[in-house]
Structures are given as C-alpha cells and as structure tokens.
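Notes follow once the structure below has been shown.
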Amino acid sequence: MGSADGQADEGPVHRVWVAAFELAVDPVTRAAYARFLAATGRSAPREWDNPRFAAADLPVVGVSWNDAVVYCLWRSSQDGGRPVRLPTEAEWERAARDGREGERYPGGDAIPAWVPNGGRGPLDGPWPVALGPPNDFGVRGIAANIHEWCADWHARDYYGRSPARNPGGAASGRRRASRGGSWRHAVTISRLAARSKLDPAFRYTDYGFRVARDL
C-alpha cells in the first residue's frame with residue numbers, strides 16, 4: 001500500500017492485511033440515490049437539477065461524506081439485514097489493485113485505453129458507471145471519473161504508524177479520506193496510491209461513493 005514517488009502522505013510503502021469484504025461493482029448511481037431521497041426526504045445533493053449530472057446511470061455526485069454514511073444506514077435497512085458501509089482506504093486500494101502490486105493505474109503503469117479522452121480533462125461531466133471493463137476482482141471504473149469517499153479520517157503521517165491488519169485511518173481528524181480521479185481535473189484518473197481528502201460536510205460535484213460490506 002502506498003507509493004515511494006508520490007505525495008508525502010502516500011509513504012512509506014507498506015504491506016497491510018485486510019479481512020475479506022465485498023465492494024460494489026459500481027459507484028452508487030443517480031437512480032439509486034434518487035430512491036434514497038424519495039424514501040427519506042433528505043436534502044438533494046449539490047446541483048441535483050443540473051442536466052450534466054441527471055442521467056440515471058451516472059454516479060451520484062455532490063454528496064458529502066455525511067450524506068454517504070446516511071445512505072449506507074438507509075441501504076442497510078433495505079438489504080435484509082446485510083449492512084453496507086463505506087470502504088476503508090486499505091480496502092479501496094486492495095480492490096483497485098486487483099491482486100497486483102506496484103502498478104500506477106488499474107491494470108498497469110499506463111492510463112487504461114478505455115478511459116475517455118485518454119484521461120485528459122476536464123470533461124463536461126462524469127461518464128456512466130458501466131463504461132469500461134471490470135478489473136480482475138469484477139470492479140468497474142475504480143480510480144477514475146469521481147473521487148470516492150472512504151471511511152477513514154485522513155492524516156498525512158498515518159502510513160508511518162498504521163496497524164498491519166485492517167487499518168482504518170486515524171482516530172480523529174478534520175477531513176475524511178477519498179480515492180480516485182475526477183472528471184473535472186486535468187487528468188481524470190488517479191494513480192492507485194494517490195490520496196485525497198475533504199471536509200466531511202462539503203458537497204463537491206466530483207465526489208461520490210461506492211459501498212462495501214463485511215463477509
């Protein structure tokens with residue numbers, strides 16, 4: 001986990017063990033989030049009415065970390081008692097690497113050929129969640145298109161002191177961790193080790209999430 005040639009908070013490179021888990025094939029879509037809003041009456045994400053983000057098969061964006069956690073609580077109540085949650089950074093990186101080590105991007109050291117516009121942005125908006133092939137773990141679109149919220153508090157020095165088994169982030173902090181690229185950045189896919197972070201109450205239109213579940 002991590003990188004020796006990235007930002008300061010990506011090091012040191014270290015080996016971690018994570019318990020078996022499930023991760024959603026795709027990020028939560030606009031259609032799925034609309035059902036949540038209808039059932040709960042929670043306030044809509046930022047720019048919910050913007051046509052760029054309105055297609056049913058797009059990832060929902062404009063959701064805060066707090067929104068994502070409430071969605072997970074609601075979804076857990078709908079899934080027959082099988083709770084879902086946000087993935088940890090370690091789980092996210094494990095799923096994105098799909099059993100490979102040391103590579104920069106999903107599937108290798110180059111930007112995958114399926115990423116729109118060769119990974120060059122900014123684009124007009126996010127692309128549909130089903131675009132592109134799944135990785136060897138069956139996960140689609142990871143590391144590209146949108147930042148995905150993770151469960152952890154972010155800390156710059158966490159990798160130097162994190163536990164070797166099931167690391168879950170710092171005990172407290174000001175910003176929550178996220179992973180992945182962004183349709184509105186100059187490069188729309190991130191390196192697998194790249195970390196980002198944001199205030200958990202902020203709603204940005206390139207932030208979404210996918211859910212995880214314990215086995």
Side-chain angles (χ1 to χ4, degrees), residues 1-28 65 68-69 71-73 75-76 79-110 112 129 132-181 189-198 200 207-215:
M1 188 174 184
S3 172
D5 60 357
Q7 300 299 316
D9 66 352
E10 296 173 27
V13 176
H14 58 294
R15 185 173 298 277
V16 301
W17 181 93
V18 293
F21 66 99
E22 292 181 325
L23 188 69
V25 171
D26 300 317
V28 173
W65 184 90
V69 168
Y71 174 91
C72 288
L73 293 171
R75 173 77 175 270
S76 297
D79 277 3
R82 299 192 66 195
V84 298
R85 56 177 174 78
L86 293 177
T88 65
E89 281 196 87
E91 289 172 334
W92 189 99
E93 191 165 330
R94 168 66 170 151
R97 290 191 180 279
D98 68 1
R100 306 164 186 262
E101 294 185 5
E103 295 178 341
R104 291 178 64 83
Y105 299 103
D109 288 328
V129 297
N135 69 12
D136 289 347
F137 286 163
V139 177
R140 290 190 295 208
I142 198 163
N145 201 12
I146 59 167
H147 295 301
E148 298 182 13
W149 287 113
C150 293
D152 316 38
W153 286 112
H154 178 272
R156 288 177 58 87
D157 62 348
Y158 182 67
Y159 283 5
R161 53 187 171 88
S162 67
R165 296 177 68 87
N166 293 320
S172 61
R174 296 179 57 192
R175 298 177 180 179
R176 292 287 183 176
S178 61
R179 293 298 196 96
I189 184 170
S190 74
R191 293 176 296 102
L192 294 172
R195 306 174 71 199
S196 51
K197 67 275 187 189
L198 192 67
Y207 265 74
F209 65 104
R210 72 177 79 210
V211 299
R213 183 160 56 197
D214 296 331
L215 287 176

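Minimum interatomic distance between Ala95 and Leu23 (heavy atoms only, all atoms of both residues): CB-CD2, 3.5 Å. Considering all non-hydrogen atoms of both residues, Ser76 and Cys72 come closest at OG-O, 2.7 Å. For the residue pair Pro167 and Ala90, the shortest heavy atom distance occurs at CG-CB, 3.7 Å. Looking at every heavy atom in both residues, Ser3 comes nearest to Ala193 through CB-CB, 3.6 Å. Considering every non-hydrogen atom in both Gly208 and Ile146, the closest pair reads CA-CD1, 3.8 Å.
Contact check on Glu91 versus Arg94 returns no salt bridge, with no Lys/Arg side-chain nitrogen under 4.0 Å from an Asp/Glu carboxylate oxygen. One finds a salt bridge joining Glu93 and Arg179 here, because a Lys/Arg side-chain nitrogen approaches an Asp/Glu carboxylate oxygen to under 4.0 Å. Using a cut-off of 4.0 Å between Lys/Arg side-chain N and Asp/Glu carboxylate O, Arg140 and Asp26 are scored as salt-bridged.
Atom CZ of Arg156 is surrounded by 12 or fewer heavy atoms from other residues, nucleotides or ligands within 6.0 Å.
The residue from Ile142, Val28, Val84 that alone fulfils the side-chain contact (heavy atoms from CB on, under 4.5 Å) condition with Arg210 is Ile142. A side-chain contact (heavy atoms from CB on, under 4.5 Å) with Ser162 is found for one member of His14, Glu89, Met1 and no other, namely His14.
Not a single donor-acceptor pair under 3.5 Å links the side chain of Asp109 to the backbone N or O of Glu103. Side chain of Glu148 to backbone of Phe209: no donor-acceptor contact under 3.5 angstrom is found. Looking only at distances, a side-chain donor or acceptor of Asn135 sits under 3.5 Å from a matching main-chain atom of Phe137. His147 places a side-chain N or O within donor-acceptor distance of the main-chain N or O of Gly180, the cut-off being under 3.5 Å. Here the side chain of Ser196 pairs a donor or acceptor atom with the backbone of Ser178 at under 3.5 angstrom.
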Problem set entry | Chi angles and distances behind the salt bridge (Lys or Arg N to Asp or Glu O under 4.0 Å) call for Asp136, Arg97 | CA-CA 9 Å; Asp136 289 347; Arg97 290 191 180 279; over 6 Å; no
Problem set entry | Residues Asn166, Trp17; criterion side-chain contact (heavy atoms from CB on, under 4.5 Å); working and verdict | CA-CA 6 Å; Asn166 293 320; Trp17 181 93; 3.6 Å; yes
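Counting heavy atoms from C-beta on, the side chains of Phe21 and Pro87 never come closer than 4.5 Å. Residues Arg75 and Val211 are in side-chain contact: their nearest non-hydrogen atoms beyond the backbone lie under 4.5 Å apart. Residues Leu198 and Tyr207 have side chains in contact (heavy-atom distance under 4.5 Å, counting atoms from C-beta outward). For the pair Asp98/Pro106, no side-chain contact is recorded, criterion being any heavy-atom separation below 4.5 Å from C-beta on. Under the 4.5 Å side-chain criterion, counting only non-hydrogen atoms from C-beta, Lys197 is not in contact with Trp65. When side chains are defined from C-beta on, Cys150 does not count as touching Leu86, because their heavy atoms never get closer than 4.5 Å.
Sorted by first and then second residue, the salt bridge (Lys or Arg N to Asp or Glu O under 4.0 Å) pairs with a member in residues 10-22 read Glu10-Arg191, Arg15-Glu101, Glu22-Arg82, Glu22-Arg213; sequence neighbours excluded.
A cation-pi arrangement is absent between Arg175 and Trp153, since the terminal nitrogen or guanidinium carbon is not both under 6.0 Å from the aromatic centre and inside a 45° cone about the axis.
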